There are 2 protein chains.
Amino acid sequence: MKWTDLDDNWCPVARTLSLVGDRWTLLILRDCFLGLSRFDQFAESTGATRHIVSDRLKRLVEAGILEKLAYSDRPKRYEYKLTEKGQEFAPALIAFKDWGKKHLPVRRPTQA
Amino acid sequence: MKWTDLDDNWCPVARTLSLVGDRWTLLILRDCFLGLSRFDQFAESTGATRHIVSDRLKRLVEAGILEKLAYSDRPKRYEYKLTEKGQEFAPALIAFKDWGKKHLPVRRPTQA
DNA sequence: TGCACTAAGTTCCAAATAAGAACTTATATG
DNA sequence: CATATAAGTTCTTATTTGGAACTTAGTGCA
């Protein structure tokens, strides 16, 4: 079974996962909450390939979680912002953060 | 970059995702909270292939989120139960559930 | 005895997805 | 003109997944 087939599952958790149940998608959302909004920022911050960033942003916009806004007309440049629907995803990310802080302490510090 | 490389990321959300940031893993956890505990139950309930169920259960046990317990000795039969660490993941699933209920209503009822 | 059945996996191959790097497009800047 | 920037796209190769069949160890009839 493919994961997008979960979109009309009886379970609201499954339906949510069919949209955002993938690590890169959730990392991009985290970045949005941290104030990032541009393609290159997402690519660098998450470590996902540009291909993936492109695909995930497209899905998130289609789902109404992010909106794509032009911040420059010449040259055309876009940024991505959380919609209200997206903002309301905060509790889930906070729950992930709390769980990670408590149960997954960093062993090796990231190379500064 | 591979997602398991996120395990020592500075961000606790990323570290959490390196472990459970995948749709089937989260669906299996949902099932555990719903009281399911056996291999075949997970496979049927989530719709994931047995291959995936096997892999994800292994990871979850290694991570200390589930524990594998024998419920029968002859023949050897096992079940999977949430550890305390796993139990504490509840808030994240509840956040997913709430968001899904609010923002992703079911269109077509699942064939009863 | 032997045949079917169950639970918990494993194995196999084809198909889908992801990684990584290079390329494109439109414009601005020196 | 040459270089730089932002936001993607394209390409090839590698990894992961899907789906079905097979395995293992034991139980329960008939």
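So that the names make sense, note that chain A is the first sequence line, chain B the second, and so on, each numbered from 1. Remember, predicted model here, so these are calculated numbers, not experimental data.
Across D/dG18, D/dA7, D/dA21, the shortest atom-to-atom separation from the side chain of B/W24 is found for D/dG18. Set against D/dG18, D/dT10, D/dA6, the side chain of A/D40 has D/dA6 as its closest nucleotide. Closest to the side chain of A/R38, out of D/dA7, D/dG26, D/dT10, is D/dA7.
Looking only at distances, a side-chain donor or acceptor of A/T46 sits under 3.5 Å from a matching main-chain atom of A/F42. Under a 3.5 Å cut-off, the side chain of B/W99 and the backbone N or O of A/K85 do form a donor-acceptor pair.
OP1 or OP2 of D/dA7 lies within a sub-4.0 Å distance of a side-chain N or O belonging to A/Y71. Under 4.0 angstrom from either OP1 or OP2 of D/dT9 there lies at least one side-chain N or O belonging to A/K58. One finds no side-chain N or O of B/T49 lying less than 4.0 angstrom from the OP1 or OP2 phosphate oxygen of D/dT17.
When the options A/K101, A/R30, A/K97 are evaluated for a side-chain contact (heavy atoms from CB on, under 4.5 Å) with B/C11, the one that passes is A/R30.
Between A/H51 atom NE2 and D/dT10 atom P there is a gap of 10 Å when expressed in whole angstrom units. One interatomic measurement links the two molecules: CD1 of A/I52 to P of D/dT16, which rounds to 13 Å at whole-angstrom precision. D/dA6 atom P lies 14 Å from atom CG of A/L36, rounded to whole Å. The distance from atom NZ of A/K68 to atom P of D/dA6 is 16 Å, rounded to the nearest whole Å. Atom C1' of nucleotide D/dG18 and atom CG of B/D55 are separated by 14 Å, given to the nearest angstrom.
Residue-to-nucleotide proximity on DNA chain D shows that, of A/R77 and B/A48, the 5′-proximal contact is made by A/R77. Nucleotides of DNA chain C nearest to A/D73 and A/G47 differ in position, and the one nearer the 5' end is that of A/G47.
Using a 4.0 Å heavy-atom distance criterion, B/R56 is classed as a sugar-phosphate-only contact. As judged by a 4.0 angstrom heavy-atom cut-off over every strand, B/Y80 is placed among residues touching the sugar-phosphate backbone only. Across all strands shown, B/R74 has heavy atoms under 4.0 Å from sugar-phosphate atoms exclusively, and none from any base. Using a 4.0 Å heavy-atom distance criterion, A/F39 is classed as a base contact.
You'll find the ring centres of B/F96 and A/F89 inside the 6.0 Å limit.
Using a 4.0 Å cut-off between charged nitrogen and carboxylate oxygen, A/D98 and A/K102 do not count as a salt-bridge pair. A salt bridge between A/D22 and A/R56 is present, with a side-chain N of the basic residue lying under 4.0 Å from a carboxylate O of the acidic one.
For B/K68 and B/Y80, the positive end is not near the middle of the six-membered ring at less than 6.0 Å and at most 45° from its axis.
The span of DNA chain C lying next to chain B, judged by atoms under 4.0 Å from heavy atoms, is bounded 5' to 3' by C/dT6 to C/dG20.
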